[in-house]
Trainee: 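Starting off with a structure, shown below.
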Amino acid sequence: THTLTHSLTHTSLSLPLPLPASRLPPLGPGPVPVRCSGLSLSPLSIPAAGVRRCPGMEPPPAGALTRDCLIHIFTFLEAAELSRAARVSEAWNDAAESSWLWRKLCLVRWIFCSLSNVEDGINSWKKYYIHRSKIEQHMASGCGGADYTCTTLRGHHGRITGLQYWSNPDNPFDTMNGKSVVCTTSTDCTLRAWSIQEGKQVWSTPVQEEPLVKLLTVPLQGLVITADSKGNIKAWNGRTGEELAVFATSCTICNLVAYNMNTQHCLIVGTGEGTLITLTVPNLNQISRLSLIDANPVHFLLVSPDHKYAIGGSKSNEVPTKVLRTECLMDGLDDDRLAADSLQINSCFTACWLPKASSRVVTMTKTNGVGVQKSIITFDLMCQTRKNKIEIQGKQVGNFTYEDAGWNDILLEGHGINTIIIAHNTEMKLFSIDGVQLASYHEHKNTISGISVDPFRVVTASMDLSLRVYTWKRQPNRCLSLESNYHLLGGSHMRSRGFTNVVVDHGSIVGTVQTHDGKDVLKAYNFNV
């Protein structure tokens, strides 16, 4: 066993991980039989340290451990040790390349893996692990040139009003294949797509009649949806920029969100007049039109992770926020039924979903309608049928008071099932849903203007012309926190005012920079693999 540990530790292999001590239990110096599945087997003869077996290895001797026993033993190894074990013999190589072992390592290390995006095959999970580990090493290090390249993407002649990934930001193999693509809308009346790896524009639409003010990408459908200042909504082919459909609302558009219900892809439009318009995607045919908030703009509109609920509201104290079932938007719901079937939350001016809890919503409300105190209340939503009527009920699972002056520029985000991120002015704080402050960060010199949160990191954008990169860490007490890693600078204040937005995928970070001449640019940071 000591020879095994020595061999695994000293055989050279380049992996982006510190080599941990072996977790194999120490055994005595003499031969010790190994028990597997109730059988007592002879000890396997271990080659001397430094001996490297090449392709064409001889078959294992009689009495060697079975493949299942080797796989069980290898569950005690870390990734670097497992790769070294694969070099010992043909039998060890076959066991160490097991897809089950590498899948287990992925799920233990990251918890959240895009399983549906991983190709089948014995080596797919190993490739996933190595690729993602390398990217995380570079994103955690943040050394310009060695870890990433920074490109300034120019082309717009106005303010950038929307920024989203068109490539699926939840699929790490998109970045592996060099497919990180973002879309932008601008007051110059154009929609553009940009390749982050190539550092260039992919396509641009013709100049539209009105400035484009809202942007939504639907990566799984290959679509981009825009709204202009006159309320015209258009669907575009995300690969070519070809116009597919148009719908005129004659309203100011405040929000665009998409959801999928019973294989039907839909778009919900929140307007400045307080109405919700539901359209089919990609044809943009109207399904329903409802009054959500009387004569008040729909300032926020969000769909739950399981696509069962939508929450929408205004920043006005006079109007309650409403939670409704997305299914109702597709079955001819009228205004009277909307008022009866929705769950109302008073004095709520912003909200977010906790992404790993399918129907858990965090609301921020004004205490007594005024003052610097805000109540952060978390609800688990559920439906109950009473007298042939389906009612939405909210079970309160968290509540605490947050004190801070102002409320217009507060950014609220959720992580996991019970972590809340609040950014305001130059400070960012982490809370549990019951109000325990987990961490506080005060690293920007100017207002935090944007925030991007995913299962692996948090990136903040600021008007101080910098991005700050944090990575999630679990503390010894099992509580989550963030490790502050580094700044990404956006250039010179001689030309630029600051960052206004930021988006992140597994291998890149992209921010919008507001310039003094009114021609905003993108700063794209592509991390090396």
Trainee: Check Asp464, Thr426, Asn425 against His444 for a side chain to side chain donor-acceptor pair (under 3.5 Å) and give me the one that passes.
Mentor: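 With His444 as partner, side chain to side chain donor-acceptor pair (under 3.5 Å) holds for just one option, Asp464.
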
Trainee: In the structure I gave you, are the side-chain heavy atoms of Ile422 and Met364 within less than 4.5 Å of one another anywhere?
Mentor: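 Contact flag for Ile422/Met364 side chains = yes.
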
Trainee: Run the side-chain contact (heavy atoms from CB on, under 4.5 Å) test on Ile253 and Thr249 for me, step by step, so that the C-alpha distance in whole Å, both residues' side-chain angles and the decisive distance to 0.1 Å come before the verdict.
Mentor: CA-CA 8 Å; Ile253 305 301; Thr249 67; 3.5 Å; yes

Trainee: Taking the side chain as every heavy atom from C-beta outward, state whether Val504 and Phe456 have any pair of such atoms under 4.5 Å apart.
Mentor: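 No. Closest side-chain heavy atoms not under 4.5 Å.
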
Trainee: Spell out, as yes or no, whether a donor-acceptor pair under 3.5 Å connects the side chain of Gln264 to the backbone of Met261.
Mentor: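 Side chain of Gln264 to backbone of Met261, a donor-acceptor pair under 3.5 Å: no, none is there.
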
Trainee: How long is the straight-line distance from CD1 of Ile376 back to CG of Leu412, given to the nearest 0.5 Å?
Mentor: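 Nearest 0.5 Å value for the CG-CD1 distance: 6.5 Å.
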
Trainee: Mind checking whether Val453 and Ile421 have side chains closer than 4.5 Å, heavy atoms only?
Mentor: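 When only atoms from C-beta onward are counted, Ile421 and Val453 do touch, with a gap below 4.5 Å.
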
Trainee: So does Lys315 get a backbone contact from the side chain of His299, meaning a donor-acceptor N/O pair under 3.5 Å?
Mentor: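 Present.
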
Trainee: Does any donor atom in the side chain of Ser484 or Glu443 lie under 3.5 Å from an acceptor atom in the other side chain?
Mentor: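 Indeed, the side chains of Ser484 and Glu443 share at least one donor-acceptor pair under 3.5 Å.
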
Trainee: With Glu483, which residues qualify under salt bridge (charged side-chain N to carboxylate O under 4.0 Å, His left out), at least two apart?
Mentor: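 With sequence neighbours excluded, Glu483 shows a salt bridge (charged side-chain N to carboxylate O under 4.0 Å, His left out) to Lys473, given in chain and number order.
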
Trainee: Under a 4.0 Å threshold between the charged nitrogen and the carboxylate oxygen, would Lys308 count as salt-bridged to Glu327?
Mentor: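 No.
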
Trainee: Taking atom types as modelled, find out whether Asn526 and Gln197 have a side-chain donor-acceptor pair closer than 3.5 angstrom.
Mentor: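 There is such a pair (donor and acceptor under 3.5 Å, judged by atom type) between the side chains of Asn526 and Gln197.
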
Trainee: So does Thr217 get a backbone contact from the side chain of Gln164, meaning a donor-acceptor N/O pair under 3.5 Å?
Mentor: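 Yes, because the side chain of Gln164 sits within donor-acceptor range (under 3.5 Å) of the backbone of Thr217.
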
Trainee: Where the side chain of Ser449 meets the backbone of Phe499, is there a donor-acceptor pair that is under 3.5 Å apart?
Mentor: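 Yes; judged by distance alone, with no hydrogens or angles, the pair exists.
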
Trainee: Can Arg360 and Thr378 be counted as having a side-chain donor-acceptor contact under 3.5 angstrom?
Mentor: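 No, no side-chain donor-acceptor pair sits under 3.5 Å.
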
Trainee: Hey, does Leu267 have a side-chain heavy atom less than 4.5 Å from the side chain of Leu216?
Mentor: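 Yes - at least one pair of side-chain heavy atoms lies under 4.5 Å apart.
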
Trainee: For side-chain contact (heavy atoms from CB on, under 4.5 Å), just list the numbers for Cys266 and Met330, CA-CA rounded to whole Å, side-chain angles, deciding distance to a tenth of an Å, and then say yes or no.
Mentor: CA-CA 9 Å; Cys266 298; Met330 304 177 66; 3.7 Å; yes

Trainee: Step through the shown structure and confirm whether more than 12 heavy atoms of other residues, nucleotides or ligands are within 6.0 Å of NZ on Lys429.
Mentor: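 More than 12 heavy atoms, drawn from other residues, nucleotides or ligands, come within 6.0 Å of this atom.
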
Trainee: Can Glu210 and Lys230 be counted as an ion pair, charged N to O under 4.0 angstrom?
Mentor: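 A salt bridge is absent here (no side-chain N lies under 4.0 Å from a carboxylate O).
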
Trainee: Closer than 3.5 angstrom, by distance alone: can the side chain of Arg289 be matched with the main-chain N or O of Leu276 as a donor-acceptor pair?
Mentor: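 Flag not set: sc Arg289 to bb Leu276 has no pair under 3.5 Å.
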
Trainee: Do Ile277 and Phe247 have side chains that approach each other closer than 4.5 Å (heavy atoms only, starting at C-beta)?
Mentor: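 Yes, close enough: below the 4.5 Å cut-off.
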
Trainee: Salt bridge (charged side-chain N to carboxylate O under 4.0 Å, His left out) with Lys200: which residues, sequence neighbours excluded?
Mentor: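 Only Glu198 meet the salt bridge (charged side-chain N to carboxylate O under 4.0 Å, His left out) criterion with Lys200.
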
Trainee: Could you grab the distance from atom CG of Leu77 to atom CG of Leu105, nearest 0.5 Å is fine?
Mentor: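 CG of Leu105 is found 9.0 Å from CG of Leu77.
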
Trainee: Hydrogens and angles aside, do Tyr402 and Gln437 bring a side-chain donor and acceptor to less than 3.5 Å of each other?
Mentor: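 Per modelled atom types, Tyr402 and Gln437 side chains form no pair under 3.5 Å.
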
Trainee: With a 3.5 Å distance limit and no angle check, can you tell me whether Thr321 reaches the backbone of Cys348 through a side-chain donor-acceptor pair?
Mentor: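 Pair found, side chain donor or acceptor close to backbone of Cys348.
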
Trainee: Give the intermediate values and the outcome of side-chain contact (heavy atoms from CB on, under 4.5 Å) for residues Leu411 and Thr460.
Mentor: CA-CA 10 Å; Leu411 302 176; Thr460 54; over 6 Å; no

Trainee: Has the side chain of Arg192 got a donor or acceptor atom that lies under 3.5 Å from a matching backbone atom of Gly155?
Mentor: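 Checking the backbone N and O of Gly155 against the side chain of Arg192, a donor-acceptor pair under 3.5 Å is found.
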
Trainee: Any donor-acceptor pair under 3.5 Å linking the side chain of His516 with the backbone of His493?
Mentor: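 Yes, the answer is positive, given that a donor and an acceptor are paired below the 3.5 Å cut-off.
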
Trainee: Quick one: CH2 on Trp194 to CG on Leu522, what's the gap to the nearest 0.5 Å?
Mentor: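 Taking CH2 in Trp194 and CG in Leu522, the distance rounds to 6.0 Å.
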
Trainee: Is Trp125 close to Leu101 at the side-chain level, that is, under 4.5 Å between some pair of heavy atoms?
Mentor: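 No, too far: nothing below the 4.5 Å cut-off.
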
Trainee: Kindly write out the residues that satisfy ring-ring contact (aromatic ring centres under 6.0 Å, His included) with Tyr525, not counting sequence neighbours, or none if the list is empty.
Mentor: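 Checked Tyr525 against ring-ring contact (aromatic ring centres under 6.0 Å, His included); matches are Tyr148.
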
Trainee: Would you mind reporting whether Val224 and Trp166 have side-chain heavy atoms less than 4.5 Å apart?
Mentor: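 With C-beta onward as the side chain, the pair touches.
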
Trainee: Roughly how far, to the nearest 0.5 Å, is the CG atom of Asn501 from the OG1 atom of Thr512?
Mentor: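 Going from OG1 on Thr512 over to CG on Asn501, the span is 4.5 Å.
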
Trainee: Sub-3.5 Å donor-acceptor pair from the side chain of Thr226 to the main-chain atoms of Leu215, do we have one?
Mentor: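 No.
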
Trainee: Identify, with sequence neighbours excluded, every residue that meets salt bridge (charged side-chain N to carboxylate O under 4.0 Å, His left out) alongside Asp228.
Mentor: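 Applying salt bridge (charged side-chain N to carboxylate O under 4.0 Å, His left out) to Asp228 gives none.
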
Trainee: Keeping Thr187 on the side-chain end and Arg159 on the backbone end, is there a donor-acceptor pair under 3.5 Å?
Mentor: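 Looks like yes, one N/O pair under 3.5 Å.
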
Trainee: Within the 3.5 Å criterion, strictly below it, is a donor on Glu427 or Ser440 matched to an acceptor on the partner's side chain?
Mentor: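 Short answer, yes.
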
Trainee: State which residues pass side chain to side chain donor-acceptor pair (under 3.5 Å) with Asp188; sequence neighbours excluded, sorted by chain then number.
Mentor: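 Testing Asp188 for side chain to side chain donor-acceptor pair (under 3.5 Å), a comparison that skips the adjacent residues, returns His156, Ser186, Thr190.
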
Trainee: Atom CG of Leu290 and atom CG of Leu324: how far apart are they, to the nearest 0.5 Å?
Mentor: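 So the CG of Leu290 and the CG of Leu324 are separated by 8.0 Å.
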
Trainee: Exactly one of Leu302, Thr326, Leu301 should register a side chain to side chain contact (heavy atoms under 4.5 Å, CB included) with Val257. Which one does?
Mentor: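 Result: among Leu302, Thr326, Leu301, Leu301 is the only option passing the side chain to side chain contact (heavy atoms under 4.5 Å, CB included) with Val257.
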
Trainee: Determine the sole option in Asp454, Val503, Leu488, Leu467 for which the side chain to side chain contact (heavy atoms under 4.5 Å, CB included) test with Val459 is passed.
Mentor: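 By the side chain to side chain contact (heavy atoms under 4.5 Å, CB included) criterion, Val459 pairs with just one of Asp454, Val503, Leu488, Leu467: Leu467.
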
Trainee: Restricting to salt bridge (charged side-chain N to carboxylate O under 4.0 Å, His left out), what partner residues turn up for Glu242, sequence neighbours left out?
Mentor: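 Glu242 satisfies salt bridge (charged side-chain N to carboxylate O under 4.0 Å, His left out) with no residue once adjacent residues are dropped.
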
Trainee: For a quick test of reading the model, state the closest non-hydrogen atom pair linking Ala248 to Asn232 and the distance between them.
Mentor: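 Taking every non-hydrogen atom into account, CB-OD1, 3.5 Å.
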
Trainee: Tell me yes or no: between the side chains of Asp505 and Ser180, is some donor less than 3.5 Å from an acceptor?
Mentor: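 Short answer, yes.
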
